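Okay, structure first, notes after.
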Amino acid sequence: MAADPNFNDHVFEVARQVPVGRVTSYGAIAKFLGVGNWSRKVGKAMGLVAGIEPYVPFQRVVNSQGRLTGGTSGIEHRAQLLAEEGVTVIGDKVQNFKTVFWDPVKELNFD
DNA sequence: CGGTTGACGGCCG
DNA sequence: ACGGCCGCCAACC
């Protein structure tokens, strides 16, 4: 399956469904979209979120370790945004990740 | 809990 | 077409 132009949009849409004070992982989103091994592509997609609308809470999307990735750029920014939402982040890692983790596959339902 | 290793798949030069 | 590079993940130590 090659690069689906709609894939990014799906990623963004799922990211928007993440409740405040919660986070999800690249793999969880990829899995939800039915492409569990495209997790990297999800990460790439998040890199394009800057400036698009509606706003995509990319700060709520981390890796499976609850770690904010993307080099060192913007991590502090994301950490602060999460902190304001009630998610404690120390350094580049989400504290109590297991509790704040939000899995779209299990918790996201369609109206 | 943190650091490392192996593997999968797509992407860029 | 080819080789090297990832904003990953799971398993291991």
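Every chain is numbered from 1 and lettered A, B, ... according to where its sequence line falls, protein lines coming before strand lines. A quick note: this is a predicted structure, and the numbers were derived from the prediction, not measured. Computed over heavy atoms, backbone and side chain alike; hydrogens, waters and symmetry mates excluded.
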Any base atoms under 4.0 Å from K93(A), or only sugar-phosphate, or nothing? Heavy atoms, all strands. sugar-phosphate
Once you round it to whole Å, what is the distance between C1' of dG2(B) and CD1 of I90(A)? 15 Å
Can you check whether [X] reaches [Y] side chain to side chain, under 4.5 Å on heavy atoms?
X	Y	answer
R67(A)	F97(A)	no
S25(A)	N63(A)	no
L68(A)	V89(A)	yes

Over all atoms of both residues, closest heavy-atom pair of N8(A) and A45(A): OD1-CB, 3.3 Å
Using every non-hydrogen atom in the two residues, find where A79(A) and G91(A) come nearest and quote the distance to one decimal. CB-O, 4.4 Å
Hydrophobic cluster membership, Y55(A) vs I29(A), 4.5 Å side-chain cutoff: yes
Every protein N/O lying under 3.5 Å from an N/O of nucleotides 10-13 of chain C:
none

Could you tell me whether W38(A) and F7(A) have their ring centroids closer than 6.0 angstrom? yes
Quick test: give all pairs of protein nitrogen or oxygen and nucleotides 4-7 of chain C nitrogen or oxygen below 3.5 Å, distance rounded to 0.1 Å.
residue, atom, partner, partner atom, Å
dC6(C), N3, R40(A), NH1, 3.2
dG7(C), OP1, K44(A), NZ, 2.7
dG7(C), O4', G70(A), N, 3.1
dG7(C), N2, Y26(A), OH, 2.9
dG7(C), N2, R78(A), NH1, 3.1
dG7(C), N3, Y26(A), OH, 3.0

Each base of DNA chain C marked ( ) or [ ] if paired in-strand (Watson-Crick or G-U under 3.5 Å), | if paired to another strand and . if unpaired gives .|||||..|||||
